[in-house]
Amino acid sequence: VANSGLTPRRRRAPRMLPVGGGKGGVGKSFVVANLAVVLARSGQRVVAVDGDLEGANLHTCLGVPEPKSSLADFVANRVEDLDKLLIETPIPNLQLIAATHGNLATPQPNRSRRIQLMRALRQLEADFVLFDLGAGTHAAVMDYFMISDDGLVVIAPEPTSVENAYSFIRAAFYRRLRLAMVSHDMRDVVSLAMDQHNERGIRTPLDLLHEIEAFDPEEGRRFTETMRAFRPRILINGASSAEDVKLGFAVRTVCRKFFGIDSEYIGYVNHDEMARKSVRMRRTVVDLYPRSDAAIYLSRIARKLLTETGASAGERTG
Amino acid sequence: MRPISEQDHYEILEIERDATPDEISRAFRMAQATYGDDSLAGYSVFGEGEAQAIRERIEIAYRVLSDAESRKAYDGSLAGGDRPRRGFESPPQHEALERTEVAARIATSAELAPPLPLEELDALENEGGEFDGARLRRSRLHRGMEIEDIASRTKISPSYLRFIEEDRYADLPAPVYVRGFVTAYAKCIGLDAKLVATSYMKNFEDKTPPTVRRGRFLAGR
């Protein structure tokens, strides 16, 4: 808070940080809540958005009792102005948009409403918008993840999580590419590539690039640009051995060598009993046990995010 | 990026052309883990035989680059423009290092593991404050070492190392031994041993009643 006076209030687009990972239960909400608190405590204006309309729990991680208003109101066209959905949290500088009371029959907004939502998120008066995505690779989830080029992918050191993380990263990448292509034909080729059993034998983005270049060099150029800009960031949550710590590097290598996707290993959070305890008490571990292992690792990652803000690389417009 | 089959030794190990010997051995060990049979990162991605083929490529790359002579020759061939197109082909003569020699070299280079290349985190690792067990554990993980690695190098029992990391003072032997253990541990993970031991022992002695210590010291004799 002491810092906030020094930061001139400027009308600048907030830094968007979508947090996904494909698998449920790997600690996305835990990571979002804790990073949000560290950033807010360091003087940043932060909005944490719960995008999980089917299993909202970010409010619980932040110790906010069952919120009355939520993103569901925006989805159902009851509210147009996201500012009206902002809820104060116990932490100064940190506001929440919850995802409670969603319509379980049609939880996710349609595509045009999603685009409106993302536009509105970018207009929030904040330095950081952390976006907690639901599980799976639903089109809506992938769209949210693409709100920036360098979203966070949370992985637990277990086979199922790693496997889902790959599908998630690839799905995001292909979806991004599909949108980057101008011609319908090329979009179809990208869609074809998403089906891993395609007859053309396209297995990696690199194969796909060759295929597209052969048809249309101009589209090939757009492809390469998109490929270069996309840079997801890997976070290993619940590391309990050096092997788990190294997993982030291994995943990065596999992404690069086998999918042609460059990613960054932003860090790991140690497995810590205090983390579990904090969740049970509906508080963040960085607040409750700031000297615990998990809190120290989370703070490191938050600080890393902070030092990068100046660059504001990877922001997409439109 | 070029397909794996066309990558040179530097690309396959994901290192720069001016990589230091430390960086090369670290990259090699990391690659071994990534493409190992029990790799968590790879099992759902690698096709049959694919990991094996890459492992062979990695071994060749390491054999060439870890030896100053053969590396120089290889660099020359790269600079000459006759880029080795296919790494799966049999290595030229200057790569004819014995596998056992490679294994021996890896063993020595692993004596002091360099920190993992999470450079941005290194600076934070060096911030002040006391060295308690948790901090030692963080530093160890940061260097990518398991308890067993330290145990085999220091000959200290893994359970004592765990007690040190968990600050379980009551389960540790007399201070004189603990100081020795902590010093060896710190050296092993590349920390300033004197600084670490002083800091750790201060906590240890503050929090252990002298009577208990004396009792244990005598019992230990």
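The chains referred to below are lettered A, B, ... by the order of the sequence lines, with proteins before strands, and numbering in each begins at 1.
- In this structure, CG in A:D244 is found 7.5 Å from CG in B:L40, a value given to the nearest 0.5 Å.
- For the residue pair A:Y268 and B:R138, the shortest heavy atom distance occurs at OH-O, 4.2 Å.
- Between A:K257 and B:E11 the shortest heavy-atom distance is NZ-O, 2.7 Å.
- Using a 4.5 Å cut-off between heavy atoms, A:E158 contacts chain B through its backbone alone, with no side-chain atom that close.
- Across every non-hydrogen atom of B:R137 and A:S240, the tightest pair is NH2-O, 4.0 Å.
- A distance of 10.0 Å separates CZ in A:R291 from CZ in B:R135, rounded to the nearest 0.5 Å.
- Put simply, CG on B:D38 and CD on A:E243 are 6.5 Å apart, with the number rounded to the nearest 0.5 Å.
- Contact annotation for B:A33: neither backbone nor side-chain heavy atoms come within less than 4.5 Å of a heavy atom of chain A.
- When all heavy atoms of A:D293 and B:A134 are compared, the closest pair comes out as OD1-CB, 3.8 Å.
- Note on A:R252 versus B:E14: no salt bridge recorded, every NZ/NE/NH1/NH2 to OD/OE distance being 4.0 Å or above.
- No donor-acceptor distance shorter than 3.5 angstrom exists from the side chain of A:E163 to the backbone of B:S44, with no hydrogens or angles considered.
- For B:Y35 against A:T253, the heavy-atom pair with the smallest separation is OH-CG2, 3.2 Å.
- Crowding of A:R280 atom CZ: a count of heavy atoms from other residues, nucleotides or ligands under 6.0 Å exceeding 12.
- Residue A:N270 touches chain B through its side chain alone, counting heavy-atom pairs closer than 4.5 Å.
- Rounded to the nearest 0.5 Å, atoms CZ (B:R26) and CZ (A:F249) are 7.5 Å apart.
- Panel note: side chain A:K246, backbone B:G144; a donor-acceptor pair is recorded below 3.5 Å.
- Of the atoms belonging to B:I147, not a single heavy atom falls under 4.5 Å from chain A.
- Proximity to chain B (any heavy atom under 4.5 Å) is restricted, for A:V162, to the side chain, taken from C-beta onward.
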